[in-house]
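Heads up: the structure comes next, in structure tokens.
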Amino acid sequence: ATTLGAQAAASGRYFGTAVAAGRLGDSTYATILDREFNMITPENEMKWDTTEPSRGSFNFSPADQIVNHAQAHGQRMRGHTLVWHNQLPSWVGSITDANTLRSVMDNHITTEMTHFKGKIYAWDVVNEAFADGSTQHRGSVFQNVLGNGFIEEAFRTARAADPSAKLCYNDYNIENWSDAKTQGVYAMVRDFKSRGVPIDCVGFQSHFGSGGPPASFPTTLSNFTALGVDVQLTELDIAQAPTTAYSNTVKACVNVSRCAGITVWGIRDSDSWRSGDNPLLFDGGGNKKPAYDAVLSAL
Ligand code: XIL
């Protein structure tokens, strides 16, 4: 096939990108989006600060724009993200009572998932809950007020809200098998599967330096899938976009049957949150970079 999405689809996978609602009117951007990608993650529009800026007051308009675009162009959607310590409005961060925070968190999950019910392939239910260099959760209002059980609470609530959506745990720096953080997330998934806590997938953000993924990335992916979950590469970008680093990353997914797909975190370098690193597959003019060809061949 001659596009990323079609080539990924030939092995039952998807190839996606992060999309910003504000760029949909840029015709170069939209042309590449609709030619190459068959999965979309809203870059910011489904985060708590946008969707529930004050308690009980929901705004889904920016995300709806993206979902409408996806539906009009036959693209599937990843939902990103329901429970995260960043881009969280200050009214949530200042809650100190556990019953209040539990009901606020559950209501946020239920209301957002219900709004998009039936339109989301997979949700990043909880994002970045583990601390770097540790097997433990990081501090956050959720961890500090609700304790370790907040992740399980979020996943159980999410399953009830939209039983047909895949439920993912998503994080960065969990690609190297020997890292403590990887082991912490692995132990959580193993525990959830053994106790019947609903979880379907683990998202590996894959924000890499120019060396690309650690050598153990294929091992990490297959060890997670052996627990009975899918894995997905959810936010891929690589500093300077070396062809070898991109190719190694794509092969790590393609070699694991339960690696469901790959999402890059933006279209052109100029769209990237790391634009100084030129980490994506298209240059600022929308031209394919060498990394594009490396990815297409590796898929
Ligand atoms: C980033 C967006 O790309 C930026 O536009 C925003 O200013 C900050 O968030 N991990 C995640 C993503 O899960 O949501 C983040 O996206 C990048 C790191």
Side-chain angles (χ1 to χ4, degrees), residues 16-24 26 29 32-33 37 39-53 59-60 62-63 65-67 77-90 92-93 108-109 112 116 120-132 137-143 151 154-155 158 166-176 179 181-182 185 199 201-209 213 231-239 241 249 261-282 284:
T17 182
V19 163
R23 296 187 199 269
L24 287 171
D26 173 334
Y29 182 88
I32 301 171
L33 170 62
F37 299 99
M39 184 72 76
I40 290 176
T41 306
E43 186 169 5
N44 291 296
E45 292 79 353
M46 290 184 175
K47 294 172 181 175
W48 199 315
D49 58 355
T50 296
T51 56
E52 194 185 6
N59 173 24
F60 297 120
Q65 266 186 264
I66 299 177
V67 173
M77 293 288 311
R78 298 190 77 266
H80 175 78
T81 177
L82 296 165
V83 179
W84 188 26
H85 63 280
N86 279 338
Q87 293 177 272
L88 183 69
S90 56
V92 181
H108 181 78
I109 293 168
E112 184 159 349
F116 295 110
I120 306 291
Y121 160 72
W123 271 103
D124 291 332
V125 177
V126 176
N127 196 34
E128 300 184 352
F130 280 72
D132 287 311
H137 300 171
R138 72 167 70 234
S140 71
V141 68
F142 305 107
Q143 178 66 28
I151 302 181
F155 275 84
K166 288 186 185 290
L167 306 182
C168 301
Y169 176 79
N170 191 55
D171 214 330
Y172 66 93
N173 282 354
I174 57 169
E175 294 89 7
N176 190 341
D179 281 356
K181 188 171 171 182
T182 308
V185 173
I199 184 167
C201 37
V202 174
F204 295 79
Q205 290 185 9
S206 309
H207 295 297
F208 294 133
V231 293
Q232 306 177 11
L233 278 45
T234 52
E235 304 181 12
L236 176 61
D237 52 20
I238 308 182
T249 305
I262 300 173
T263 296
V264 289
W265 204 241
I267 297 179
R268 301 162 300 194
D269 287 333
S270 50
D271 303 316
S272 172
W273 72 311
R274 304 168 65 185
S275 57
D277 287 341
N278 295 320
L280 295 174
L281 304 179
F282 295 86

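Each ligand, and each atom within it, is numbered from 1 in the order the structure gives. No experiment lies behind these values; they were computed from the predicted model shown.
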Do the charged groups of R268 and D26 touch, with an N to O distance under 4.0 Å?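 Yes, this pair counts.
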With sequence neighbours excluded, residues passing ring pair (Phe, Tyr, Trp, His ring centres under 6.0 Å) with Y29: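 So Y29 forms no ring pair (Phe, Tyr, Trp, His ring centres under 6.0 Å) with any residue.
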Hey, would you say the F116 and F60 ring centroids sit under 6.0 Å apart?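 So the answer is yes for these two rings.
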Identify all pairs of nitrogen or oxygen atoms, one from ligand 1 and one from the protein, separated by less than 3.5 Å, and list them with distances.
| unit_1 | atom_1 | unit_2 | atom_2 | d |
| --- | --- | --- | --- | --- |
| ligand 1 | 3 (O) | E43 | OE2 | 2.5 |
| ligand 1 | 3 (O) | W265 | NE1 | 2.9 |
| ligand 1 | 5 (O) | E43 | OE2 | 3.3 |
| ligand 1 | 5 (O) | N44 | ND2 | 3.0 |
| ligand 1 | 9 (O) | K47 | NZ | 3.2 |
| ligand 1 | 9 (O) | Q87 | OE1 | 3.2 |
| ligand 1 | 10 (N) | E128 | OE2 | 3.1 |
| ligand 1 | 10 (N) | Q205 | OE1 | 3.3 |
| ligand 1 | 10 (N) | E235 | OE1 | 3.0 |
| ligand 1 | 13 (O) | H80 | NE2 | 3.3 |
| ligand 1 | 13 (O) | N127 | ND2 | 2.9 |
| ligand 1 | 13 (O) | Q205 | NE2 | 3.3 |
| ligand 1 | 13 (O) | E235 | OE1 | 3.3 |
| ligand 1 | 13 (O) | E235 | OE2 | 2.8 |
| ligand 1 | 14 (O) | K47 | NZ | 2.7 |
| ligand 1 | 14 (O) | H80 | NE2 | 2.6 |
| ligand 1 | 16 (O) | K47 | NZ | 3.3 |
| ligand 1 | 16 (O) | W265 | NE1 | 3.3 |

Give a yes or no on whether the backbone of R78 and the side-chain of K166 come within a donor-acceptor separation of less than 3.5 Å.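 No, the answer is negative, given that no donor and acceptor are paired below the 3.5 Å cut-off.
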Non-hydrogen atoms of T81 and N127 that approach each other most closely: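 Result for this residue pair: OG1-CB, 3.4 Å.
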Minimum heavy-atom separation for V126 and Y169, please, with both atom names.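 What the structure gives for the nearest pair is O-CD1, 3.5 Å.
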